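Because only heavy atoms are used, hydrogens play no part in the values below, and waters and symmetry mates are left out as well, while side chains stay in. For clarity, every value in this text was computed on a predicted model and none was experimentally measured. All chains are named by letter (A, B, ...) in the order of the sequence lines, taking the proteins before the strands, and each is independently numbered beginning at 1.
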Amino acid sequence: MCVGELFSSLFCYIKITFPQIFESVVFTSFSVMTNQEQLINDLPTQYDHIAAQERQMKFWEEKGFFHSDVNPNKRPYAVVIPPPNVTGMLHMGHALNDSLQDALVRMKRMQGFETLWVPGVDHAGIATQAIVEKRLLEQEGKTRWDLGREALVQRIWDWKDQYQARILSQLKAMGCSCDWRRLRFTLDDVCAKAVRAFFFKLFADGLIYRGKRLVNWDVKLQTAVSDDEVFHETTAGHFWYLNYPVVNPQEGEPKFVTVATTRPETMLGDVAVAVHPDPAGEFDRIEAALREKIETGSERDRDEAKAELDALMERRSKILPELIKLAEMAKMGRKVILPIQQREIPLIADVWAKPDKGTGCVKITPAHDPNDYEVGLRQKLPMINLLNRDGTYNENAGKYQGMPIKKVRTEILSELENEGVLIKTEDRTIEIATSDRSKTPIEPYLNDQWFVKMDKLAQTAMDAVTSGEVEIKPSRYAKGYLDWLSEKRDWPIGRQLWWGHQIPIWYCPDVEESVLQSAFAGRSDVLWRRNEANDGWLLCSQTENLKEDAVPGCTLKREEDVLDTWFSSALWPHSTLGWPDKTPELEYYYPTSALITSRDIISLWVARMVLAGYFNTGKKPFQQVFIHPKILDKYGEGMSKSKGNGVDPVAVMEKFGADALRFALVYLTTESQDVRLTLDFECPHCGSVIEQTKKNRTQHVIACPKCKKSFSTQWADTPEEKAFPLGPVVGERFEVARNFCNKLWNASRFVMINLDGFTPRSVSADELCVEDRWIISRLTSVAKRVTESLEQYKFSDAARTLYDFAWDEFCSFYVEISKARLYDDKRRELVQNVLLGVLDALLRLLHPITPFVTEEVWRRLADFAPVRGLNEPIQAAESITIAPWPVLDESNIDPEIEKQFSYFQEALRCVRDARARQNVPPRTEVEFVVKCSSEIADLLRPMGEYFKSMAASVVTQMGPDVEPPALSSNATTTAMEIYVDVADLIDISAEIQKKEKEVERLNGFIKSKEAKLSGSFVEKAPAQVVAKERESLDDLRMQRDVNLQTIERLRAAANARK
RNA sequence: GAGCGAUUAGUUCAGUUUGGUUAGAACGCCAGCUCGACAAGCUGGAGGUCAUUGGUUCGAGUCCAAUAUCGCUCACCA
């Protein structure tokens, strides 16, 4: 490199880093050496993650390294981000998800793929509208109806803009290398076009239908939600027994039918009382099943089954005769009277009434219970809907009209009690269906609903996985995916909301079809079909919002509902690339390469993307799906807002740096375990660590038990609370990762400090020393392993491999060992080459996981050595993001050299051990001898000098004929005995004690081996294994003998001393 | 009720696919170190019989079965 080159690279660097002092530097930079010194002075001993992140983020953004365009000369690698909801900020789960994606994407980019990572956010219909409505109510006391559709939607857009900006800045702060120019939002024009095209295509294929269905109704949000958005909560409830009088009871017939219910208020909607058609037979069946369980089940099951059987038999004798009678009456068409309304309803025979449950008879309320709904359909019963959309009772409830559900319940119960209908009340734990979105109870509600027929669509998504077209990793998650799809439940796609894609359906009054034909003559973007009541038309338009008067002579009315959020998310991999247009992007990047997501949306999202992908494009949306772990707290519970155990990734990044956050998360991502994060508070006043407990983690302000001062937490919201300084959340995992980044920084610092005046050159293999060839051999293996691990989504393995290599091998051995030659002018230059070459490759291998620190070092390194490389030195890329991924020649891997080096490591450990045991002061130089075979002595000899710098020890003799010094501290390994001459420093009794312990250990070892070798092991085990065991036994015996001799010698010396 | 996962050092986790020396790391702990990258560091040390029981095998942390505990998912409970 010439001076001019160096100067120009310095020039660039300074310009970027210190624009404010740019001019003065130019005028004072009269000598290259001065600048070298200046650059070194500019390397602090602690890595400054804040400065580095700011600088590199800006650099990447300005240079546009992450932008990707169709490039036929390169192979594409594409990933679409699971779009975060615009409901709030990113949490730890996102941080994990995005760290993993970025690691893959960055590696692929370096590997030379045309790499695209599409960023975006999701409008999250229900969740976002709910949050804005909640605020509206809290802050202005208004409901959405007060505001109106347009104004509310505008408010939600404002919210969306605000949160999208925050989400994007968080992603950038994490270093995510998304193509920001291709940002998509699930509600933007491009996505809207795709949604309409998808809907239109489904409509055209007859896969869209509308029907009255019992839906999960969220009375708070006033919308239907899907089964997947409902969770069940156990609470204390009651079981009420009601007597329904029989109409005209005959002689010997019961006068009442008793039913039990947990929801008495729904009785106004009762349309029948059911009894099993064959109660005796049903009892027999249940009995037989229990008996079988007793026969074959485990001990615990058996006891349970026995108890159940006893209860069943007792019950049978008690109620069977009456049930049989009731079944007969049902078959004769007899009726009972519904109390309160005094309405006659039929007694019916239906298998839904299980004789072993409740009273054996069950009231049927088809409009308010999913099972009763099925019975209603089966028995062709009327369905009486009692509810308004807001959860109050309607006109069918008579005098209860207008009352909310809870009130109706109390009123009805007291009325039933007064009438003598309520004969018994039992306490009972019941499960309440609750809306995941609004956390309010779900009411089964009969409503018009839009559905997508799933049978064929689901089948394509199942086939994709069973055939291996789409791979789900880890493979165990394929089962849940297939099970869910195999139910082929139709997909309810309508939501009674305002925030979302409005369903492109228009209702048209009954007109001649010719009217429609002429109104839309020549149009292929409008379709129509008779509605389900056959008294009008349903129109579907793909491209435009039809006007009210689009059909002459009648008024079109648009469907008000919007589509389920997942309807648009399902299109994400192809809608973001421009479908339905045949864009070059779609052609080139689709199917995408990998999808990285969490397990709780496998069915909601992944399955639907697969079926929508095939349906729309004929192709799968992605090759592979990787399901990553969940983040749990120290108690093993998932993180959630309600528990207060969530952690803000931004806070972690501020304290430890984005790289530390990423490295920690990647390091924890194993295939089988969830990520458990133990976190604690750090007092901002005194720095002491306060354990985070279930109790204090939701507090807004915490008093430090040590210094007694208060600090605020992430939950602080009032100005008084926020006035206290924020106590950061700290975690061991982040600390370890931060320390690692710092270690890397300092190793780099060491290399840079020692590079001045260095000119890289091509180094030939025979110039290299053992340690050089060793580190290059190890580096080559590590590079290979890291590549394989990342490609197989073994994230933890990649991080672990790099951590161990960088810290234990590169820093603890190579850097340390290099010092001796580095401070020797004659040998300096060769080591510089290797140090630089290995660091250069290590930085690139780490870059996908820790992008900022590696880029920071990479660009600084360019000021010291813009040309570098282990084989043929080349000009380094201006950014590590586009530097080539290290692929090293596998012939570098040399097991012989690795073995040779491991002898050195072993000897070094023995020397250090012996010194430490005898408390030899660190800088006191001692001599030692190595008794070993002459082969090993030859192998050790090239590294003999390094004992001095690494253990302040000098080896005086090596070989088989070495005589140990009389007073020595020794250590024995399989291949050598090492005697450190500590002369009068020695503590003989300590040394003897240690040796005796060692002999004891060896004896135990020997004993178990002897036993093994005298048994049938010798005959049955493979000869190779037996030989190896024999060899190892011999070796152990030898070690023991050496130790015994040492003890004797020490005892003799001790006596002589006396 | 069904399925899935986990159980290894004080703590958090590797190791189990393909069985083979008396099981590794990090943090913490103990002892000693400011030696020309790093105290967010260096060196050394102590600490576990791999949840339990049984089986297969010459040999089991690793394979099989059962049990226990924890977690997750789905379904159902008038």
Would you please indicate if the ring centroids of A:Phe663 and A:Phe734 are separated by under 6.0 Å?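 Between A:Phe734 and A:Phe663, which both carry aromatic rings, the centre distance is not below 6.0 Å.
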
Counting only side-chain N and O atoms of A:Asn739, is one of them less than 4.0 Å from OP1 or OP2 of B:G41?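 Yes, within the criterion.
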
Does A:Ser796 have a side-chain nitrogen or oxygen under 4.0 Å from the phosphate oxygens OP1 or OP2 of B:C13? no

Considering Watson-Crick and G-U wobble pairs with both distances under 3.5 Å, what does B:U16 pair with?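 Across all strands, not a single nucleotide pairs with B:U16.
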
Should B:C27 form a Watson-Crick or G-U wobble pair with both distances under 3.5 Å, which nucleotide is its partner? B:G10

Tell me whether the centres of the aromatic rings in A:Tyr241 and A:Phe239 are closer together than 6.0 Å. yes

Ring-face cation of A:Arg828 near A:Tyr823 (centre distance under 6.0 Å, axis angle within 45°):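 Negative - A:Arg828 is either too far from the ring of A:Tyr823 or too far off its axis.
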
Could you state the CD-P distance from A:Glu732 to B:C29, rounded to the nearest angstrom? 11 Å

Distance below 4.0 Å between A:Lys743 side-chain N/O and B:C42 OP1 or OP2: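 Yes, because at least one side-chain N or O of A:Lys743 sits under 4.0 Å from OP1 or OP2 of B:C42.
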
Euclidean distance for C1', B:A23 against B:A66 (whole angstrom):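 26 Å, rounded to whole Å.
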
Please state how far atom CD in A:Gln46 lies from atom P in B:G41, giving the value in whole angstrom units. 10 Å

Grab the CZ-P distance between A:Arg1001 and B:U49 for me, whole Å please. 17 Å

Students often get this wrong, so: under 4.0 angstrom with heavy atoms, is A:Thr359 touching a base, only sugar-phosphate, or nothing?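 If one applies the 4.0 Å heavy-atom cut-off, A:Thr359 turns out to touch nothing in the nucleic acid.
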
Value in whole Å for how far the P atom of B:U43 lies from CZ of A:Phe947: 15 Å

Can you tell me which nucleotide in B:A37, B:G20, B:G45 comes closest to the side chain of A:Asp913?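 Among the listed nucleotides, the one closest to the side chain of A:Asp913 is B:G45.
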
Assign A:Val1018 to base, sugar-phosphate, or nothing according to its heavy-atom contacts below 4.0 angstrom with the strands shown. nothing

Mind checking if A:Arg738 touches a base, just sugar-phosphate, or nothing, with heavy atoms under 4.0 Å? base

Looking across every strand, which nucleic acid part, if any, lies under 4.0 Å from A:Ala274 by heavy atom: base, sugar-phosphate, or nothing?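 The residue A:Ala274 makes no contact with any strand.
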
Taking CG from A:Asn754 and C1' from B:C38, how many angstroms apart are they, rounded to a whole number? 13 Å

Roughly, in whole Å, what's the span from OH in A:Tyr667 to C1' in B:G24? 11 Å

B:A37 pairs with, by Watson-Crick or G-U criteria that keep both distances under 3.5 Å: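 Looking at the geometry, B:A37 pairs with no nucleotide.
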
Would you indicate what A:Cys811 reaches in the nucleic acid, counting non-hydrogen atoms under 4.0 angstrom: base, sugar-phosphate, or nothing? base

Quick check: are there more than 12 heavy atoms from other residues, nucleotides or ligands sitting under 6.0 Å from CD of A:Gln905? yes

Using a cut-off of strictly less than 4.0 Å, decide whether A:Arg923 has a side-chain nitrogen or oxygen near OP1 or OP2 of B:C35. yes

Considering only heavy side-chain atoms of A:Lys1020, the closest of B:C58, B:G36, B:A40 is B:C58

Checking contacts here: which listed nucleotide (B:C38, B:C13, B:A14) is nearest the side-chain heavy atoms of A:Asn746?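 Of the options given, the side chain of A:Asn746 lies nearest B:C38.
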
The side chain of A:Val736 lies closest to which of these nucleotides: B:A26, B:U21, B:G5?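 Of the options given, the side chain of A:Val736 lies nearest B:A26.
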
So what does A:Glu816 hit on the nucleic acid, given a heavy-atom distance under 4.0 Å: a base, only sugar-phosphate, or nothing?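 Base contact.
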
Students often get this wrong, so: under 4.0 angstrom with heavy atoms, is A:Thr261 touching a base, only sugar-phosphate, or nothing?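 Touches sugar-phosphate only.
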
Check whether NZ of the Lys or CZ of the Arg A:Lys1012 lies under 6.0 Å from the centre of the six-membered ring of A:Phe1017 and within 45 degrees of that ring's axis.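 Yes - A:Lys1012 lies over the ring of A:Phe1017, closer than 6.0 Å to its centre and within 45° of its axis.
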
Now, which nucleotide makes the Watson-Crick or G-U wobble pair with B:G32, with each of the two distances under 3.5 Å?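 Pairing partner: B:C42.
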
Among A:Val751, A:Ile753, A:Ile40, the one residue meeting side chain to side chain contact (heavy atoms under 4.5 Å, CB included) with A:Phe864: A:Ile40

What integer distance in Å separates A:Arg599:CZ from B:A6:C1'?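 These atoms are roughly 11 Å apart.
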
Please state how far atom CH2 in A:Trp807 lies from atom P in B:A25, giving the value in whole angstrom units.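 Those two atoms, CH2 and P, are 15 Å apart.
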
Among all residues two or more places apart in sequence or in another chain, which pass the salt bridge (Lys or Arg N to Asp or Glu O under 4.0 Å) test with A:Glu671?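 None.
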
From B:G44, B:A37, B:U12, nucleotide with atom closest to A:Ile753 side chain: B:A37

Side-chain donor/acceptor contact of A:Arg800 with base of B:A14 under 3.5 Å: no

Base, sugar-phosphate or nothing for A:Val259? Non-hydrogen atoms, less than 4.0 Å.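 No contact.
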
Only pairs with both distances under 3.5 Å count, Watson-Crick or wobble alike; so what is the partner of B:G3 in this structure?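 B:C72 - that is the nucleotide pairing with B:G3, both distances being under 3.5 Å.
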
Pick the closest RNA chain B nucleotide for A:Lys479 and for A:Lys357 by heavy atoms, then say which residue is nearer the 5' end. A:Lys479

Identity of whatever pairs with B:C63 - Watson-Crick or G-U, under 3.5 angstrom: B:G55

When you check the phosphate oxygens OP1 and OP2 of B:A75, does a side-chain N or O of A:Arg489 lie under 4.0 Å from one of them?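 For B:A75, OP1/OP2 do have a side-chain N/O of A:Arg489 under 4.0 Å.
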
Looking at B:A37, I'd like to know if its phosphate oxygens (OP1 or OP2) sit under 4.0 Å from a side-chain N or O belonging to A:Lys819. yes

With heavy atoms under 4.0 Å as the rule, sort A:Arg1030 into base, sugar-phosphate or nothing. nothing

